Every structure is written in structure tokens, then in C-alpha cells.
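Owing to the predicted nature of the structure, the values given are computational and were not obtained by experimental measurement. These values consider heavy atoms only, across backbone and side chains, with no hydrogens, waters or symmetry-generated copies. Just follow the structure's listing: the first ligand is 1, and inside any ligand the first atom is 1.
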Amino acid sequence: MLTDIIPRPQAQPILEEGMFHCSGELTLERRDFEDWGFRAFAERLKKKNIILVEGSGEPVLRVLRDGTFDEEEYGLEVRSGGVTLRAASARGVVQGLTSLYESFEKKNIPCFILRDKPLYRHRGLSLDCTRHFFDAAEVERILEEMSLVKLNVLHWHLSDDQGWRIESRVHPKLNRISGPFYSQDEIRHIVAFAKERGIEVIPEIDLPGHTTGILAAYPELSCQGEPVELGKGGGIYPVILCAGKKQVYEFLFPLLDEAAGLFDSPIFHLGGDEVPKREWEKCPHCKAAAEKNGLANLDDLQGWFTTRLAERLAAKGKIVRCWNDILKAKTLPENLDIQYWVDWSQSGAMNAFLDKGREAVFSDMFTLYLDYPESLIPLEKVYRYEPALEGRSLAGVLGVLGMEACIWTERIAAAERLEKALFPRLFALAEAAWSGGGDYAGFERRLVGKLAGLAERGVAFTTLEESNPQGDERLAGIKQWFIQGAQGAAPEEDKMPDPEQLTRIRTMFAQGFNLPRGLFSGQ
Ligand code: ACM
Ligand code: ZN
């Protein structure tokens, strides 16, 4: 039933008497909408032994274009005689068909009238397929679940210290040295599969830090040019791409051109997070580039580096997105938007960015990083998220595109573990982003049917009982997480923050996760 779906519609439906019944065939009458908007729905219906056929006859699904609707908005009138769906675009059609599909009770839909649209334009998941590799079939399984809850962006983290995941014909050594990867055909297939489900795929190539995956194959691109091994544990690796060597740009430009051509999203994510600059500090090439371009410091060198890449991507029609770390630079690309994850003492930088009329997506790490266990980020906390800075809500603020959960996979190797971390917390995000949450009790009630659906499709999930641990149970979960983390961390001195920074990080974690007092010594 419509009243059981996640995300809850933003608008109130009118529930009517009667039932729309469908078995065998459903006739599709559509005007000028593109084929791709109907494909996922038709595939799902097949599993219910219903075939979508074009022509005339009953029962009928009539799809009408209405230019007054917003991009993803849809109208549904489900009556016993047939269904009418209105939308302005195929993306609206996809969302309407998803609501229709989720409202089926076996072969019936209780009648209703609804006009619905999302609160936020950007409702995403960032999926790290680099720390651990998940094959194309697993990515598509996750896309299908995202689509059923109307999430509309997969931000695909395809490069990092632990690997390089895109088939590259311009730099094939990346694929020989840096672990498993997606072929270009697989990537195109995933992009098309996602599009049919209303999802845009934004690739991320993280630069200039988190690049051991590149440097393991092409070590000459670092400042010192020494060999490095592919990363194994998590952490921040100290050797990064040199910003001063000409050959770095000669390497990156064709690589970015190649990658950009595989995706149809107008956005290209260049990462830019956690860039340790100790190598740059010592490097004559970096120093020369900074001097020649009148750059005040190494943060500005990162801004200049990113601007050069952004200009290249602009020629391919792409707008660049970076993590908010880049806001330390005064030399930002003109066409840039931001993904916020944490305020590394950049207080004010995000506010100033939004004040200038620029756009940002919100992924607060203490609420939306789903690799953290439920003891740190319970289901209800995700559900209640709204974009905020320093405790101030940004709901309704211009330039706030929406929200995105992230899953980093340093500690997640198996698909089952990945799914358990994602579900059902990703559903909570979907509802928060579509209709602004506001009905947690109802969400838990509606979740029962959703979890049964996951079980039917063989997708793993965390049970509702395990989703909001409290008291001793929570404490045990937290301790286990930090102990395992300490054991799993690479022991290199170079990766450890200095004591002052460590204290700052601990305080931030204690506040962000609302940790019990005394968990860390000295807290
Ligand atoms: C990040 O978590 N380093 C974006
Ligand atoms: Zn350098």
C-alpha cells in the first residue's frame, strides 16, 4: 500500500475506495516519453508475472506529460479502471512508477490520488569500491535498492591509496599494478542501469592525495619519484602526486578525459580531501610552481592544481565537486561545488561559500558515514539528519543541494558486511532527503515490509533490534570498533597525527558521536 512506502511521500495522498487489479498484462499508453524511463518498472513487474505491453486495452497505465511539474515530481491517480501518471520528464516518470510498484499488494493497489516531489534535489550514496572492490553485479544490486527508495545519486569512489578501479586504455599500467577494476563496458552498463532507475552516477578520482593507487604504477609522479607500494590498511598516506611536475598534468589530462567520457553526469568529483603536504614542502618542483604562479602557501598550491584539472574537465562539459578540505585554498576553480564532511577548523568557510551563492551537498561524517557501526551512528540518528553547520540547520538554505551517505570500505571486505552497514540506514537517509523525515515511529512500522523485501531479494541487512543500540550494548559496540581500528591501523609513524592534533580529533569524535565520558584516556 502507498501508506507503507519508504520514503513517505512529501504530500498527503488522498486514499480512495476500491482497488486497481492487474494480472497477466498491463497496457502502457504513453505519449512521447523515452523508453528508458519504463525499463526498470517493466523488469520489476516481470517478477510479479505481469508483462508491460504497449497498445490499448485494460488494465491501463496512462502516462501524460505535464510541463508544470518539477524535474522529479509526479502525479498518480490510481483508480479501479486504470492508473494515470503525470510527469514533466522521464525522471519524474521513474519516481512515479517506483511509488506505483511499491504500492502493489500482490496484484492489487488500493486506490489513491497523489502529487509528490522530493524535498532535496540530491539524495545520494557515496560508495567506496577502492579500499575493497565490489563487482559490477554487487554495485547494481545496491543501485536497485537505492532506486526503490528514490535515491538519485551514486557517487562512485574509484581511486584511492589501495587501488585504481577504472579500465584505462591511456595508462594501462594502472590496471596491471593497482588491483581489480571495472571494464569500460561494465562502467557504461552500470551508468545505463542507474539512469533507468533515476540515478545519476558521479565518478570520483581523488587528487592529489589518496593517490598511492596511481603512484604504485607510476611512482615518477610523486615529488621524490621513489617506488611506493599499494596501500593496505586505512589512514592518510604521506606520498602524494607532485603539483609542480609538468608530467603529472600530461598524465592526468588524458586520464581525466578518458574517465569523463564514461559518465554522463555533469559533475566530476576530484576529491581533494586529506592532502598531507610534507612532500610538497620539500619539493623543488612544487616550490617553483608556487613561486611562478604567485601562490601564498601550499593550500593555494592545491587550489591551483585543482583549478588546472577543473579547466580541463570544463572543456568536457563537467563541473567539479570537491570535499570541503579544498576551501582552505584561496585559489579555487570558478566552477566548483562542495561536498561537506567535517569541519577541520575551517569554521566559517562553508558558510562563506554558501553566502556567495555556491552549492553544496552534505555528508556529515558523524551522522552519514555508514561504515561506522550502529553503536556510533544509530538508525534514528540518520533518520533525523538535516544539513547543518556548527549545529545550525541549513534546511531551506539556497545552495544546499541535499544529502549523501558515505560508506568507506577499509574495514568492509565482504558484500554481506557492506549490505548490513547500508541497510536499513540508507532507507532512513532516503526518507530524510525525500520528505524531511518527521515520522520516525511510522518509519519503523513501514520498515518491517521493506526488510521483508530485502530478505526476499537475498540482500543482507541489520535488524531493527540491532539498529539503535543503547547503554552497555552501545558501549560494547563502540569499544570493539575503536579496538579493532587501533589493531587494523598501519603502524607507520608517518601516518600518526601529532599529539595536539590527536587530542583535537578525540574531542571532535567525542562530541560528534556523543561518546560516553572517559572512553579515551585524557578525555
Ligand atoms: C573523507 O572522509 N576523507 C572525505
Ligand atoms: Zn612536488
Side-chain angles (χ1 to χ4, degrees), residues 124-128 130-131 155-162 202 204-212 214-215 218-226 228 231 234-252 269-293 295 297-298 300-302 304-305 308 321-328 338-344 346 350 360-372 376-377 403-412 485 495 497 505 508-509 512:
L125 169 68
S126 170
L127 181 63
D128 172 7
T130 308
R131 270 51 177 273
H155 161 193
W156 202 6
H157 188 74
L158 289 164
S159 71
D160 213 300
D161 297 305
Q162 296 77 3
I202 298 176
E204 180 185 350
I205 296 182
D206 203 347
L207 300 167
H210 287 287
T211 41
T212 313
I214 296 174
L215 294 171
Y218 297 92
E220 61 274 21
L221 302 178
S222 74
C223 293
Q224 304 210 28
E226 307 260 326
V228 287
I236 300 174
Y237 287 66
V239 181
I240 65 172
L241 291 183
C242 178
K245 287 182 182 171
K246 193 160 151 259
Q247 75 199 90
V248 169
Y249 301 92
E250 289 167 354
F251 173 89
L252 288 177
H269 206 308
L270 282 180
D273 57 321
E274 300 179 317
V275 181
K277 301 194 173 82
R278 276 165 293 181
E279 295 287 306
W280 283 9
E281 219 165 1
K282 298 181 284 189
C283 171
H285 306 282
C286 285
K287 268 192 200 143
E291 262 167 41
K292 188 165 163 221
N293 295 286
L295 304 172
N297 55 47
L298 296 179
D300 285 358
L301 181 59
Q302 185 185 343
W304 176 81
F305 167 90
R308 294 195 64 186
R321 177 168 295 158
C322 285
W323 297 104
N324 64 292
D325 310 45
I326 194 80
L327 295 180
K328 287 181 208 147
I338 289 294
Q339 184 166 11
Y340 173 82
W341 67 290
V342 72
D343 185 352
W344 290 113
Q346 294 174 55
M350 276 302 300
V361 170
F362 284 77
S363 298
D364 180 89
M365 66 170 283
F366 298 113
T367 316
L368 297 186
Y369 273 24
L370 303 185
D371 41 309
Y372 287 115
L376 290 169
I377 302 184
M403 46 181 99
E404 187 174 297
C406 300
I407 189 140
W408 304 103
T409 58
E410 291 97 326
R411 302 202 214 175
I412 300 178
K495 284 196 229 157
I505 290 172
M508 219 171 67
F509 269 58

**Fill in**
Here the vertex angle at the Zn ion (ligand 2) for SG of Cys223 and SG of Cys283, given to 10°, is 100°
**Request:** State, without any angle test, whether Gln339 and Arg321 hold a side-chain donor-acceptor pair at a distance under 3.5 Å.
**Result:** no
**Message:** Under 3.5 Å between any N/O of Trp323 and any N/O of ligand 1: does that happen in this structure?
**Reply:** no
**Test of ring centre spacing under 6.0 Å for Phe366 and Tyr372** = no
**Trp323 ring center near His155 ring center (under 6.0 Å)** = yes
**Prompt:** Just which atoms of ligand 1 are under 4.0 Å from any heavy atom in Trp341?
**Reply:** 1 (C), 2 (O), 3 (N), 4 (C)
**Prompt:** Is His285 close enough to the Zn ion (ligand 2) to have an N, O or S atom under 2.8 Å?
**Reply:** no
**Message:** Would you say Lys328 and Gln302 are linked by a side-chain donor-acceptor pair, where the criterion is simply a distance under 3.5 Å?
**Reply:** no
**Request:** Can you figure out which of Asp273, Val342, Asp160 has its heavy atom closest to atom 3 (N) of ligand 1?
**Result:** Asp273
**Asked** When the ring centroid of His269 is compared with that of Trp156, is the distance short of 6.0 Å?
**Response** no
**Message:** Closer than 4.0 Å to some heavy atom of Tyr369 - which atoms of ligand 1 meet that?
**Reply:** 1 (C), 2 (O), 4 (C)
